[in-house]
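Lettering of chains follows the sequences in order, A, B, ..., and the numbering in each one begins at 1.
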Number of protein chains: 2
Amino acid sequence: MTAEEAAGNDLVLAFGRLLGAANRLEYLLGRAIEEQCGISHLMYEVLLILAREGNRGMSMRAISREQVLTTGGVTRLIDRMEALGLVERTLDPGDRRGRLVRLTGAGAAKAVEATRVHLENVRRHFVEPIPVEHRKRFAEDLRTLSHSAREAIPRLR
Amino acid sequence: MTAEEAAGNDLVLAFGRLLGAANRLEYLLGRAIEEQCGISHLMYEVLLILAREGNRGMSMRAISREQVLTTGGVTRLIDRMEALGLVERTLDPGDRRGRLVRLTGAGAAKAVEATRVHLENVRRHFVEPIPVEHRKRFAEDLRTLSHSAREAIPRLR
DNA sequence: GCGGAATATCTGACTGCGCAGATACTTTCT
DNA sequence: AGAAAGTATCTGCGCAGTCAGATATTCCGC
């Protein structure tokens with residue numbers, strides 16, 4: 001086995017461990033948001049996506065494309081968010097098949113609140129335990145890796 | 001803002017992006033196993049855990065402690081795996097409350113097959129696109145990160 | 001402009017998980 | 001030994017997601 005092949009094997013194994021840990025963290029962070037803000041992890045993701053669009057609104061189809069959620073799932077998630085007063089459905093003036101989803105005032109406020117809570121959680125549990133002098137290198141590592149991971153996504157679907 | 005604080009903020013953001021990408025990859029890799037091997041992602045995880053124990057067997061409680069699954073969930077997952085012939089429940093001679101779960105021959109074979117498929121997927125889609133001369137550094141980065149991520153898990157629960 | 005393909009949303013049927021209570025057994029304390 | 005607390009598994013219920021099909025509208029080629 002060449003040194004390059006060995007490095008490849010190491011990489012596969014290390015990758016697996018990172019995926020496991022990342023998944024677990026994502027799960028726990030989702031639970032934390034749920035407890036501290038009263039909305040599910042997926043609702044938080046959708047709030048962020050909608051916040052990015054401002055009050056232009058966004059079709060459910062577009063939301064489903066950004067998420068790991070089918071269009072049917074988005075319909076029902078938006079149903080629940082609407083019942084909570086976080087979003088509102090409006091008619092799409094340009095396409096009467098579709099409906100545009102927009103944040104309400106309460107939804108925008110909740111997005112801000114949840115983001116604050118989420119960042120605080122990440123900072124407390126993940127960033128602060130890392131020694132200050134290592135943080136810069138860590139940030140670089142993270143950027144490199146998430147770039148590679150993102151490139152791998154389209155190849156896998 | 002000091003340079004260290006800036007590095008901390010970078011870290012929080014980069015971490016979020018990595019989590020998102022990792023989660024997505026885990027999901028896609030799970031779907032790939034499902035399609036190519038006919039078992040769910042969680043079944044694969046359980047097969048790996050049981051393979052580690054050999055034919056000593058393992059209680060469902062112990063399985064639930066290793067997974068993001070409650071004991072009720074494990075009961076039902078094992079139900080399905082038993083129906084597929086991948087595992088068998090035996091009486092625990094030392095504790096008549098519990099039952100030991102063991103791989104069948106078919107289960108062990110499926111564990112090997114699924115692992116081969118999984119590693120092949122990771123290699124093809126994630127490792128191979130990385131230039132050979134960078135793989136060693138990548139493997140180190142991954143190890144560092146998954147170590148930190150694993151340390152963060154207990155703090156979050 | 002008209003007919004068929006494509007697209008957006010909604011809905012019913014199904015699946016899988018968590019929660020909490022039920023049951024059976026074990027451990028611990030007196 | 002016997003009672004009480006603890007532990008392992010199972011199960012009924014509810015929720016949230018997928019899938020496939022229904023409906024309404026738009027787009028495209030002729």
Side-chain angles (χ1 to χ4, degrees), chain A residues 23-24 26-28 30-35 38-46 49-50 53 56-84 86-102 157, chain B residues 23-24 26-28 30-35 38-46 49-50 53 56-84 86-102 157:
Chain A
N23 220 39
R24 187 81 177 226
E26 179 93 345
Y27 172 76
L28 292 170
R31 301 259 305 199
I33 284 186
E34 221 163 312
E35 278 171 25
I39 59 172
S40 76
H41 181 215
L42 278 179
M43 284 186 190
Y44 172 56
E45 299 282 329
V46 170
I49 290 171
L50 290 176
E53 293 298 311
R56 237 176 321 164
M58 193 171 181
S59 78
M60 306 218 245
R61 184 98 184 124
I63 294 173
S64 86
R65 269 193 289 262
E66 305 230 5
Q67 291 292 122
V68 188
L69 252 191
T70 60
T71 60
V74 170
T75 293
R76 287 175 165 124
L77 182 60
I78 296 297
D79 283 348
R80 294 194 297 279
M81 293 177 74
E82 201 173 16
L84 290 175
L86 298 173
V87 300
E88 57 190 1
R89 284 177 165 100
T90 62
L91 291 177
D92 182 341
D95 184 343
R96 278 188 300 175
R97 285 170 305 180
R99 311 175 67 173
L100 294 179
V101 181
R102 272 190 329 189
R157 31 189 342 168
Chain B
N23 220 38
R24 187 82 177 223
E26 179 93 345
Y27 172 76
L28 292 171
R31 300 260 306 197
I33 284 184
E34 223 163 310
E35 279 172 25
I39 59 173
S40 78
H41 182 216
L42 277 179
M43 285 186 190
Y44 173 56
E45 299 282 329
V46 170
I49 289 171
L50 290 176
E53 294 297 311
R56 236 177 323 166
M58 195 172 180
S59 78
M60 306 217 242
R61 184 98 182 122
I63 294 172
S64 86
R65 269 193 289 261
E66 305 228 7
Q67 291 291 123
V68 188
L69 251 191
T70 62
T71 60
V74 170
T75 293
R76 285 171 168 130
L77 182 59
I78 296 296
D79 283 348
R80 294 193 297 278
M81 292 177 74
E82 202 173 15
L84 290 175
L86 298 173
V87 301
E88 57 189 3
R89 284 177 164 101
T90 62
L91 291 177
D92 183 340
D95 185 343
R96 278 189 301 176
R97 285 171 305 183
R99 311 176 68 176
L100 294 179
V101 181
R102 272 191 329 192
R157 39 195 325 172

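Nearest nucleotide to the A:Arg96 side chain, out of C:dC10, D:dT25, C:dT26: D:dT25. For A:Thr70, counting side-chain heavy atoms from C-beta on, the closest listed nucleotide (C:dT9, D:dT9, D:dC19) is D:dC19. Side-chain proximity of B:Arg61 to D:dT9, C:dC19, C:dT9: nearest is D:dT9. Relative to the side chain of B:Met60, the nucleotides C:dA8, D:dC10, C:dC10 differ in distance, and D:dC10 lies closest.
Below the 3.5 angstrom threshold, one finds no donor paired with an acceptor across the side chain of A:Arg31 and the base of C:dG18. Side-chain atoms of A:Arg76 and base atoms of C:dG12 include a donor and an acceptor less than 3.5 Å apart. Scanning atom types as modelled, no donor and acceptor separated by under 3.5 angstrom connect the side chain of A:Arg97 and the base of C:dT9.
Between A:Arg99 and B:Leu42, the residue whose closest nucleotide on DNA chain C is further toward the 5' end is A:Arg99. With DNA chain D read from its 5' end, the first of the two nearest nucleotides for A:Val74 and A:Gly94 is the one closest to A:Val74.
When atom types are taken as modelled, the side chain of B:Thr90 and the backbone of B:Leu100 share a donor-acceptor pair closer than 3.5 angstrom.
Between the C1' atom of C:dC10 and the CG atom of A:Asp79 lies a distance of 9 Å, rounded to the nearest Å. Atom P of nucleotide D:dT11 and atom CG of B:Leu77 are separated by 15 Å, given to the nearest angstrom. C:dC10 atom P lies 9 Å from atom CD1 of A:Ile78, rounded to whole Å. Atom NE2 in A:His41 sits about 18 Å away from atom C1' in D:dC15, given to the nearest Å. Rounded to an integer number of Å, the gap from CD1 of A:Ile63 to C1' of C:dT9 is 12 Å. Distance CE (B:Met58) to C1' (D:dT9): 16 Å, rounded to an integer number of Å. The distance from atom CZ of A:Arg80 to atom P of D:dC15 is 10 Å, rounded to the nearest whole Å. Residue B:Asp92 contributes atom CG, which lies 10 Å from atom C1' of D:dA8 at whole-angstrom precision.
No side-chain heavy atom of B:Glu34 sits less than 4.5 Å from a side-chain heavy atom of B:Ile39. In this structure, B:Leu50 and B:Arg102 have side chains that are not in contact, with every pair of non-hydrogen atoms separated by 4.5 Å or more. Between B:Val74 and B:Gln67, the closest side-chain pair of non-hydrogen atoms is not below 4.5 Å.
Residue contacts shown for B:Gly73 are limited to sugar-phosphate atoms, with no base heavy atom under 4.0 Å away. Heavy atoms of A:Ser59 sit under 4.0 angstrom from primed sugar atoms or phosphate atoms, though from no base atom. Across all strands shown, A:Val68 has heavy atoms under 4.0 Å from sugar-phosphate atoms exclusively, and none from any base. Using a 4.0 Å heavy-atom criterion, one finds that A:Thr71 contacts the bases of the nucleic acid, with or without backbone contacts as well.
A salt bridge links A:Arg89 to A:Asp79: at least one charged side-chain nitrogen sits closer than 4.0 Å to a carboxylate oxygen. Between B:Arg56 and B:Glu53 there is a salt bridge, since at least one side-chain N of the basic residue sits less than 4.0 Å from a carboxylate O of the acidic one.
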